[in-house]
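A quick write-up on the structure given underneath.
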Amino acid sequence: MQMLQEPSKITILYPFNHEFRQIRLNEPHPAQVTPSWYGDSVGHYEGDTLVIDTVGIKTDRPFAMVDWYGTPYTKALHVVERYRLLEHEDAREYWERNARENFRLASNDGGPEVDPTYTGKVVQLQFTVEDEGVFTTAWSATVTYWRALDEPRELVCAENTHEYYAGRDTAVPTADKPDF
């Protein structure tokens with residue numbers, strides 16, 4: 001994930017499928033939000049923390065879920081994200097707790113391999129999810145993004161024979177000519 005900031009918006013570039021998200025800065029949500037894949041996101045700063053408020057995430061799409069476990073959501077979904085930079089030592093506690101308590105993708109399953117020698121700042125995301133159509137109360141989680149060993153790569157499924165198919169019993173799709 002990479003974040004690009006301009007005076008009136010922030011663009012988040014995701015490493016998969018050429019996806020990106022734009023967050024308008026210092027504006028309210030419109031009175032009528034048109035549902036979209038990433039919803040309507042508006043942001044502002046509270047000190048050194050970027051706060052992003054999102055509503056209007058499309059529900060009529062395949063695999064409409066909040067997380068990797070298939071948790072559904074409704075039109076009432078409201079997500080508030082808080083991004084901040086942390087000093088490496090201040091974030092070590094989160095890293096150690098995560099290693100003890102949470103599932104982590106191995107690098108050969110698409111998860112990044114963290115650079116163990118890096119001692120610079122890291123990005124921490126704290127988010128809160130509300131959806132009265134699914135949950136009885138709001139819930140929150142924290143994700144800390146550490147510097148990866150690899151440079152960001154463009155991942156395109158049709159060309160990506162090493163990430164998704166390595167060690168699998170699935171045949172790699174091929175074509176005599178490009179389909180674009």
Side-chain angles (χ1 to χ4, degrees), residues 1-86 91 94 97-98 101-105 109-112 114 121-148 152-160 163-164 180:
M1 175 180 73
Q2 296 176 341
M3 297 176 93
L4 307 170
Q5 182 166 342
E6 298 176 61
S8 63
K9 69 180 174 184
I10 291 177
T11 302
I12 300 176
L13 303 172
Y14 296 102
F16 299 102
N17 302 321
H18 305 284
E19 293 183 33
F20 69 95
R21 176 177 167 209
Q22 293 189 326
I23 297 96
R24 294 184 320 283
L25 292 175
N26 304 314
E27 290 185 18
H29 292 290
Q32 295 293 328
V33 174
T34 301
S36 63
W37 285 96
Y38 286 112
D40 184 72
S41 297
V42 294
H44 66 276
Y45 280 92
E46 292 179 2
D48 63 354
T49 301
L50 171 62
V51 180
I52 301 173
D53 186 280
T54 302
V55 296
I57 298 175
K58 248 183 143 161
T59 57
D60 61 338
R61 64 186 201 186
F63 310 113
M65 57 190 170
V66 173
D67 56 26
W68 290 357
Y69 304 105
T71 305
Y73 63 88
T74 69
K75 292 177 183 177
L77 180 65
H78 177 218
V79 180
V80 176
E81 303 159 90
R82 296 177 173 277
Y83 291 87
R84 66 184 180 138
L85 288 176
L86 289 180
Y94 298 106
R97 179 179 175 194
N98 182 51
E101 298 179 9
N102 294 316
F103 168 79
R104 182 175 170 269
L105 285 174
D109 284 334
V114 173
K121 292 185 178 187
V122 299
V123 175
Q124 183 182 71
L125 163 61
Q126 294 177 315
F127 62 93
T128 301
V129 176
E130 298 175 298
D131 188 338
E132 62 189 26
V134 177
F135 307 113
T136 57
T137 188
W139 57 272
S140 297
T142 302
V143 178
T144 305
Y145 294 97
W146 299 80
R147 183 176 181 170
R153 293 182 290 200
E154 179 180 41
L155 298 177
V156 180
C157 293
E159 300 168 356
N160 190 2
E163 288 289 331
Y164 296 113
F180 49 87

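The first residue of the sequence shown is numbered 1, and numbering continues consecutively from there.
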| note | Test side-chain contact (heavy atoms from CB on, under 4.5 Å), reference Gln124, set Thr49, Leu85, Leu86, output is Leu86
| query | Going by heavy atoms in the side chains, are His78 and Val80 under 4.5 Å from each other? | reply | yes
| query | For Glu81, which residues count as a side chain to side chain donor-acceptor pair (under 3.5 Å) partner, sequence neighbours excluded? | reply | Arg21, Tyr83
| task | Enter the distance from Thr11:OG1 to Gln22:CD here, rounded to the nearest 0.5 Å. | result | 4.0 Å
| note | All heavy atoms of Ala76 vs all of Gly133, minimum pair found to be CB-N, 4.5 Å
| said: Do Leu50 and Leu25 make a side-chain contact, defined as non-hydrogen atoms from C-beta onward lying under 4.5 Å apart? | reply: yes
| task | To the nearest 0.5 angstrom, please state how far the NZ atom of Lys58 sits from the OH atom of Tyr73. | result | 9.5 Å
| Given Lys9 and Ile23, is the side-chain contact (heavy atoms from CB on, under 4.5 Å) satisfied, shown in steps? | CA-CA 5 Å; Lys9 69 180 174 184; Ile23 297 96; over 6 Å; no
| Modelled atom types, side-chain donor and acceptor of Arg82 and Gln126, under 3.5 Å | no
| note | Rounded to the nearest 0.5 Å, the CZ atom of Arg84 sits from the OG1 atom of Thr144 at a distance of 8.5 Å
| field | Side-chain (Asp131) to main-chain (Thr74) donor-acceptor, under 3.5 angstrom | value | yes
| query | Taking side chain as C-beta onward, heavy atoms only, is Leu77 less than 4.5 Å from Val129? | reply | yes
| Does the side-chain contact (heavy atoms from CB on, under 4.5 Å) test come out yes or no for Tyr145 and Leu125, once each step is laid out? | CA-CA 8 Å; Tyr145 294 97; Leu125 163 61; 4.1 Å; yes
| Atom of Val122, atom of Ala91 and distance for their closest heavy-atom approach | CG2-CB, 3.4 Å
| field | Minimum heavy-atom distance between Glu46 and Val51, given as atom pair plus value | value | CD-CG2, 3.7 Å
| query | Going by the side-chain hydrogen bond (donor to acceptor under 3.5 Å, both in side chains) test, which pairs reach into residues 28-40, not counting sequence neighbours? | reply | Glu19-Tyr38, Arg24-Asp40, His29-Asp40, His29-Asp53
| note | Closest non-hydrogen atoms of Met3 and Ile10, given as atom of the first, atom of the second and distance, are CE-CG2, 4.2 Å
| At what distance, to the nearest 0.5 angstrom, does CG of Asn26 lie from OH of Tyr45? | 9.5 Å
| query | Would Leu13 and Leu4 satisfy side-chain contact (heavy atoms from CB on, under 4.5 Å), going step by step from the backbone distance to the final call? | reply | CA-CA 8 Å; Leu13 303 172; Leu4 307 170; 3.7 Å; yes
| Considering all heavy atoms, the nearest Ser41-Ile52 contact | CB-CG2, 3.9 Å
